[in-house]
Amino acid sequence: MPELLITRAGPLTTVQDHGRHGTAHLGVPRAGALDHPAYLAANRLVGNAPGAAVLETTLGGVAVTATGTPLLVAVTGAPARITVNGQPAAWGAPVFLPAGATLDVGPADAGVRSYLAVAGGLVPPPVLGSRSADLLARLGPPPLRDGDRLPVGTTHGPPAAELVPLPAMPTELVLRLLPGPRADWLLPGSLVALARARYRVATASNRIALRTEGPALIRARHAELESEGMVLGAVQVPPDGQPVVFLADHPTTGGYPVIGVVPEADLPAAAQARPGTPVRFIPTAG
Amino acid sequence: MGEHALLLEVDDPEQVGALYAQLLAARADGTLGGGPTEIVPAARTVLLDGVPQPAALTDLLAGWSVAATAPADGPLVELPTVYDGADLADVAAHWGVSAADAVRLHSAIEYRVAFCGFAPGFGYLTGLPPERAVPRRATPRPSVPAGSVAVAGRYTGVYPSASPGGWQLLGRTGARLWDTAREPAALLAPGTRVRFVPVAGSADA
């Protein structure tokens with residue numbers, strides 16, 4: 001079976017696919033690629049089925065070597081300098097990687113996460129129906145390290161001759177906010193205050209949540225909210241009043257009030273917003 | 001809640017169990033309208049996520065009444081437990097009984113998994129009467145060993161893997177709570193009934 005050798009793992013590179021579904025009642029998060037459109041585009045470019053597993057990088061890129069057999073690869077998501085054995089190659093296009101050749105995805109020029117798909121898909125053993133690494137529940141393949149080898153599948157179709165638009169990575173993150181179930185646990189007018197204030201993406205952001213910093217929202221009710229189910233995009237307000245937007249590795253239940261929910265369409269941009277990026281929340285009728 | 005989710009609220013944890021069972025049955029019958037992908041019971045709520053048409057489902061559920069009767073019985077899991085936990089004496093003192101009586105009290109109850117969370121396979125077990133509720137430890141332990149049987153509030157739980165934790169430790173079981181090489185991976189799922197069977201010495205299942 002063909003293999004991908006990880007020659008430079010970068011700051012955080014994980015295997016991701018469409019995630020785990022139907023397991024939240026067991027306490028198992030969904031996981032999966034954070035920038036879903038970029039993930040799907042990478043798979044299309046190399047002729048993979050939509051659910052195939054890819055690499056998701058974080059800021060610093062990754063370098064991989066085709067061992068034994070040539071591989072067809074493609075990189076999407078955060079734009080970065082791409083080279084094959086030191087020669088420039090195209091971002092957002094199928095790239096042929098001869099046996100023994102090394103593809104280097106440099107640090108992201110903008111955005112955070114690039115997606116590297118390989119024709120045939122990455123096929124480490126699935127866990128509960130998915131090959132995604134889950135950094136909260138610690139399921140699936142652990143974050144990659146230099147020297148790791150990943151098996152590559154053989155099932156794929158023809159590569160797509162598609163022009164993937166170079167994404168404009170957000171200089172300001174605008175997140176719509178649908179009504180949440182516990183807005184009444186915060187002071188009246190908190191939604192208005194949230195919409196008026198400027199927040200920034202906090203450095204503590206990760207695959208579990210986009211954390212923001214700005215004016216603190218203040219609780220009206222101080223009783224303990226009993227744990228309840230959480231959804232992707234839920235905006236929780238912890239005791240420090242700084243809104244937290246749940247991303248793919250979010251816990252399945254939680255006990256902080258949810259003031260609103262960011263619709264899924266706005267989350268790919270959240271996945272690409274760097275720490276310090278200004279954030280605006282726009283309350284929207286559900 | 002958001003585009004594709006509904007959060008249903010009921011009066012108490014017992015109704016959660018009944019509503020969860022009703023929802024699972026309705027989804028199996030196909031009467032919930034092509035979804036939801038996730039049905040997540042919790043303390044006083046059931047979350048429905050992956051609902052194609054939340055408004056239509058809201059209308060359908062408005063006609064429901066939550067069964068007053070107990071939910072259908074799930075499978076019974078017996079967990080051989082060595083009651084030698086670091087907090088057993090404290091919990092017994094809180095209950096005003098001897099350690100031996102605390103073990104008898106705790107192991108005499110048939111528990112039910114109300115919901116899971118915190119970590120894969122961690123079940124929140126109801127059954128402890130309200131007067132036996134115990135506070136969490138003031139300072140959580142940095143590492144609680146896998147298999148630890150613990151109580152907090154009205155809940156009993158078993159840590160599936162070593163993790164930080166603030167629950168009061170009563171003992172340990174050798175049962176594997178979570179094993180992704182097994183089907184199902186989680187020994188305890190919502191609705192599962194649980195008994196703790198006191199054993200001496202080794203807690204290997």
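When reading the values below, keep in mind they use all heavy atoms of this one structure, side chains included, and skip hydrogens, waters and symmetry mates. Naming convention: chains lettered A, B, ... in sequence-line order (proteins, then strands); numbering from 1 in each chain.
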Query raised in the report: A:Arg182 and B:Leu7: side chain to side chain contact (heavy atoms under 4.5 Å, CB included), yes or no, with the steps?
Result: CA-CA 10 Å; A:Arg182 303 296 175 194; B:Leu7 188 68; 3.9 Å; yes

Query raised in the report: Would one find more than 12 heavy atoms of other residues, nucleotides or ligands at under 6.0 Å from atom CZ of B:Arg182?
Result: yes

Report task. Below 4.5 Å from any heavy atom of chain B, which atoms of A:Val127 appear? Answer side chain, backbone, both or neither. Result -> side chain

Requested in this report: Evaluate the side chain to side chain contact (heavy atoms under 4.5 Å, CB included) criterion for residues B:Phe115 and A:Leu26: first the C-alpha distance (whole Å), next the side-chain angles of each, then the deciding distance (0.1 Å), finally the verdict.
Outcome: CA-CA 8 Å; B:Phe115 62 100; A:Leu26 301 176; over 6 Å; no

Report task. Please state whether the side chain, the backbone, both or neither of A:Pro263 comes within less than 4.5 Å of a heavy atom of chain B. Result -> both

Query raised in the report: Would you say A:Arg30 and B:Asp49 make side-chain contact, with heavy atoms under 4.5 Å?
Result: yes

Report task. Assess whether atom CD of A:Glu172 is packed by more than 12 heavy atoms of other residues, nucleotides or ligands within 6.0 Å. Result -> yes

Query - Heavy-atom proximity to chain A below 4.5 Å, by part of B:Glu183 - result: neither

Query raised in the report: Who wins among B:Pro160, B:Gly153, B:Pro120, B:Ser161 for the most heavy-atom pairs under 4.5 Å with chain A?
Result: B:Pro120

Report task. State, yes or no, whether a side-chain contact exists between A:His25 and B:Cys116 at a heavy-atom distance under 4.5 Å. Result -> no

Query raised in the report: Side-chain contact, heavy-atom cut-off 4.5 Å: A:Leu178 with B:Met1?
Result: no

Requested in this report: Answer with side chain, backbone, both or neither: which region of A:Leu128 has an atom nearer than 4.5 Å to a non-hydrogen atom of chain B?
Outcome: side chain

Query raised in the report: Can you say whether B:Ala186 sits under 4.5 Å from chain A via the side chain, the backbone, both, or neither, judging by heavy atoms?
Result: side chain

Query - Contact summary for B:Ala42 and A:Ser227, nearest pair of heavy atoms - result: CB-O, 3.1 Å

Query raised in the report: What part of A:Arg176 gets closer than 4.5 Å to chain B, counting heavy atoms only: side chain, backbone, both or neither?
Result: neither

Requested in this report: Could you look at A:Leu136 and say if it's the side chain, the backbone, both or neither that has a heavy atom under 4.5 Å from chain B?
Outcome: neither

Query raised in the report: Which bit of B:Tyr20 is near chain A, if near means a heavy-atom gap under 4.5 Å: side chain, backbone, both or neither?
Result: side chain

Requested in this report: Measure A:Val258 against the heavy atoms of chain B and call it side chain, backbone, both or neither at under 4.5 Å.
Outcome: side chain

Query - Under 3.5 Å: donor-acceptor pair, side chain of A:Glu228, backbone of B:Leu47 - result: no

Query raised in the report: How long is the gap from OG1 on A:Thr252 to CZ on B:Phe118, to the nearest 0.5 Å?
Result: 11.5 Å

Report summary line: So, the part of A:Arg138 with a heavy atom under 4.5 Å from chain B: the answer is neither

Query - A:Glu224/B:Arg44 ion pair, N-O < 4.0 Å - result: no

Query - Contact leader toward chain B among A:Leu232, A:Val261, A:Asp134, where contacts are heavy-atom pairs under 4.5 Å - result: A:Val261

